[in-house]
Colleague: 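Below are the structure tokens for one structure; questions will follow.
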Amino acid sequence: MNQRHAAPSAYGRKDMEDRVAFIGLGNMGGPMAANLVKAGYQVAGFDLSPESREAAAGNGISVTASAVEAVKEAGVVVTMLPAGKHVLSVWEELIAAVAPGTLLIDCSTIDVESARQAHSLAKTASCLSLDAPVSGGTGGATAGTLTFMVGGANEAFARGEAVLQKMGKRIVHCGDAGAGQAAKICNNMILGITMAGVCEAFVLGEKLGLSHQALFDVASTSSGQCWSINTYCPVPGPVPTSPANNGYKPGFAAALMLKDLKLSQDAAGSAGAKTEMGAHAADLYERFAALGHGGDDFSGLINFLREGK
């Protein structure tokens with residue numbers, strides 16, 4: 001087992017605050033880490049993918065041979081990983097290598113229970129921790145306009161807010177351990193439901209002879225307005241930046257929406273909450289992905305609904 005570093009002095013801690021380790025340099029983590037470099041942080045990073053490591057190095061990130069090597073001398077560690085099991089596995093490895101007082105921030109979207117377990121791991125190592133999943137997709141990660149939904153103690157949030165602000169536009173402290181993941185799951189369940197409803201409405205409008213523009217002009221300024229219409233309209237034309245104008249290339253992939261909807265249903269089952277609309281949206285996206293469309297933007301669901309499968 002690796003020996004843990006001695007607790008740093010106040011001077012050493014201040015110096016370490018400018019050193020960030022970033023584990024997970026993929027489509028989201030890579031540009032997020034790059035924004036930290038642009039903000040003046042010294043960033044060491046690791047990813048299993050050679051392509052991701054190469055891209056990160058090109059953005060000024062000091063790529064290391066392992067996750068453990070990346071966290072040496074880091075005052076803040078950020079992880080962006082696929083699922084709860086990956087987060088727990090990596091954090092179990094890292095807590096043996098980081099100094100007491102290090103701040104660990106997980107920006108992955110995972111189940112609430114795994115997030116709480118990660119916080120417990122950090123506590124056993126005398127480290128501070130935050131669960132801070134994001135909203136805004138790859139575009140927001142690149143532009144530095146992500147929304148962070150943050151769970152954790154006030155002391156940890158006070159430490160982490162400055163780092164998060166360099167990667168996002170809106171930082172919301174949602175509560176204690178796991179609250180960030182809870183907020184993300186609820187938000188994306190709303191998104192999945194509303195997008196499914198918007199897609200159904202546009203399919204119905206087509207069958208009733210309405211043009212896409214006419215329905216958009218009404219719904220986007222009336223009681224039906226929502227992000228899924230006004231910003232991400234699932235048909236070409238009304239919103240030029242929508243993936244619908246680019247062959248439904250993500251954006252936010254349908255497979256990721258399905259992952260989030262499944263997390264919402266798992267959480268609903270654990271909490272005893274009745275989420276019938278969320279369950280229906282999860283079923284729609286599961287069938288859409290099963291037909292080979294998991295890599296399409298989630299707004300491409302409209303094509304599945306047109307086919308009536």
Side-chain angles (χ1 to χ4, degrees), residues 24 26-29 49 79-88 106-115 131-141 146-147 149 178 180-203 226-229 231-235 242-244 246-271 273-309:
N27 292 334
M28 293 293 293
S49 164
T79 52
M80 175 60 90
L81 301 166
K85 62 182 180 180
H86 305 109
V87 173
L88 293 175
D106 180 49
C107 293
S108 318
T109 295
I110 63 175
D111 60 287
V112 175
E113 181 54 33
S114 290
D131 56 288
V134 305
S135 179
T138 54
L146 295 169
T147 293
M149 294 146 273
Q181 296 295 348
K184 173 67 184 286
I185 289 169
C186 292
N187 178 76
N188 278 24
M189 186 176 74
I190 294 170
L191 178 58
I193 292 168
T194 56
M195 180 57 78
V198 168
C199 288
E200 288 184 345
F202 272 88
V203 171
C226 60
W227 188 90
S228 294
I229 289 179
T231 303
Y232 220 76
C233 189
V235 295
S242 167
N246 192 29
Y248 296 95
K249 293 178 182 178
F252 185 53
L256 295 178
M257 173 52 75
L258 176 59
K259 170 194 169 183
D260 290 354
L261 287 168
K262 285 183 173 179
L263 287 174
S264 76
Q265 293 314 290
D266 289 344
S270 298
K274 191 173 183 179
T275 56
E276 293 184 9
M277 296 295 290
H280 181 57
D283 176 67
L284 287 174
Y285 278 99
E286 187 155 32
R287 287 187 279 150
F288 182 49
L291 291 173
H293 297 291
D296 294 351
D297 190 81
F298 82 108
S299 60
L301 182 70
I302 191 168
N303 298 315
F304 169 78
L305 295 173
R306 285 192 184 108
E307 294 167 1
K309 295 182 179 180

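Counting from 1, the numbers follow the sequence of the chain as shown.
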Colleague: Can you list everything that forms a side-chain contact (heavy atoms from CB on, under 4.5 Å) with Ala279? Sequence neighbours excluded, please.
Modeller: Gln265

Colleague: Residues in side chain to side chain donor-acceptor pair (under 3.5 Å) with Asp283, at least two apart?
Modeller: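 Checked Asp283 against side chain to side chain donor-acceptor pair (under 3.5 Å); matches are Arg287.
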
Colleague: Considering residues at least two apart in sequence or located in another chain, which fulfil the side-chain contact (heavy atoms from CB on, under 4.5 Å) criterion with Ser49?
Modeller: Asp47, Glu51, Ser52

Colleague: Hey, does the side chain of Ser135 reach the backbone of Thr147 with a donor-acceptor pair shorter than 3.5 angstrom?
Modeller: no

Colleague: Distance-only, no hydrogens or angles: does the Lys184 side chain make a donor-acceptor pair with backbone N or O of Asp260 under 3.5 Å?
Modeller: no

Colleague: Within the distance-only criterion (no hydrogens, no angle test), does the side chain of Gln181 pair as donor or acceptor with the backbone N or O of Glu113 below 3.5 angstrom?
Modeller: no

Colleague: Would you please name every residue forming a side chain to side chain donor-acceptor pair (under 3.5 Å) with Ser114, sequence neighbours left out?
Modeller: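 In terms of side chain to side chain donor-acceptor pair (under 3.5 Å), with neighbours along the sequence ignored, Ser114 is linked to Asp111.
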
Colleague: Who pairs with Asp296 by side chain to side chain donor-acceptor pair (under 3.5 Å), at least two apart in sequence or on another chain?
Modeller: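 Asp296 satisfies side chain to side chain donor-acceptor pair (under 3.5 Å) with His293 only.
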
Colleague: Please list, chain by chain and in numerical order, all residues satisfying side-chain contact (heavy atoms from CB on, under 4.5 Å) with Asn303, sequence neighbours excluded.
Modeller: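 Applying side-chain contact (heavy atoms from CB on, under 4.5 Å) to Asn303 gives Tyr248, Arg306.
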
Colleague: Minimum heavy-atom separation for Val203 to Ile302, with atom names?
Modeller: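 Nearest pair, atom of Val203 first, then Ile302: CG2-CG1, 3.7 Å.
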
Colleague: How long is the span from the CG atom in Leu261 to the CG atom in Asp266, to the nearest 0.5 Å?
Modeller: 11.0 Å

Colleague: Cut-off 3.5 Å, no hydrogens considered: what does the side-chain donor-acceptor table look like for residues 192-199, sequence neighbours left out?
Modeller:
residue, atom, partner, partner atom, Å
Thr194, OG1, Ile190, O, 3.0
Thr194, OG1, Leu191, O, 3.1
Thr194, OG1, Ser228, OG, 3.2

Colleague: Carefully, step by step, assess Met80 and Val134 under the rule side chain to side chain contact (heavy atoms under 4.5 Å, CB included).
Modeller: CA-CA 10 Å; Met80 175 60 90; Val134 305; 4.2 Å; yes

Colleague: Which residues pass the salt bridge (Lys or Arg N to Asp or Glu O under 4.0 Å) test with Lys262, not counting sequence neighbours?
Modeller: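 Residues passing salt bridge (Lys or Arg N to Asp or Glu O under 4.0 Å) with Lys262: Glu286.
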
Colleague: How close do Leu263 and Thr109 get, counting heavy atoms only, and between which atoms?
Modeller: CD1-CG2, 3.9 Å

Colleague: What are the two closest heavy atoms between Ser108 and Val87, and how far apart are they?
Modeller: OG-CG2, 3.6 Å

Colleague: Who pairs with Asp131 by side chain to side chain donor-acceptor pair (under 3.5 Å), at least two apart in sequence or on another chain?
Modeller: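 Testing Asp131 for side chain to side chain donor-acceptor pair (under 3.5 Å), a comparison that skips the adjacent residues, returns His119.
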
Colleague: Mind listing the closest non-hydrogen atom pair of Ile185 and Ser264 along with its distance?
Modeller: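 In terms of heavy atoms, the two residues are closest at CG2-CA, 3.2 Å.
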
Colleague: Please report the interatomic distance CG(Leu256) to CE(Met28), rounded to the nearest 0.5 Å.
Modeller: 9.5 Å

Colleague: What's the shortest heavy-atom distance between Ala115 and Gly178, and which atoms?
Modeller: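 What the structure gives for the nearest pair is CB-CA, 4.3 Å.
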
Colleague: Using the ring pair (Phe, Tyr, Trp, His ring centres under 6.0 Å) criterion, which residues pair with Tyr232? Sequence neighbours excluded.
Modeller: Trp227, Phe298

Colleague: Where the side chain of Ser299 meets the backbone of Pro234, is there a donor-acceptor pair that is under 3.5 Å apart?
Modeller: no

Colleague: Indicate yes or no for a side-chain donor-acceptor contact from Ser242 to the backbone of Ala244 under 3.5 Å, with no hydrogens or angles considered.
Modeller: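 Yes, Ser242 side chain to Ala244 backbone: donor-acceptor pair under 3.5 Å.
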
Colleague: Does Asp297 reach the side chain of Lys249, with side-chain heavy atoms less than 4.5 Å apart?
Modeller: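 Not in contact.
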
Colleague: For a quick test of reading the model, state the closest non-hydrogen atom pair linking Thr275 to Ala268 and the distance between them.
Modeller: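 Reported closest heavy-atom pair: OG1-CB, 3.6 Å.
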
Colleague: Does Ala267 have any side-chain contact (heavy atoms from CB on, under 4.5 Å) partners at least two apart in sequence or in another chain, and if so, which?
Modeller: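 side-chain contact (heavy atoms from CB on, under 4.5 Å) list for Ala267, sorted by chain: empty.
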
Colleague: Rounded to the nearest 0.5 Å, what's the gap from CD1 on Ile229 to CZ on Phe202? Could you check?
Modeller: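 Reported to 0.5 Å precision, the distance equals 5.5 Å.
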
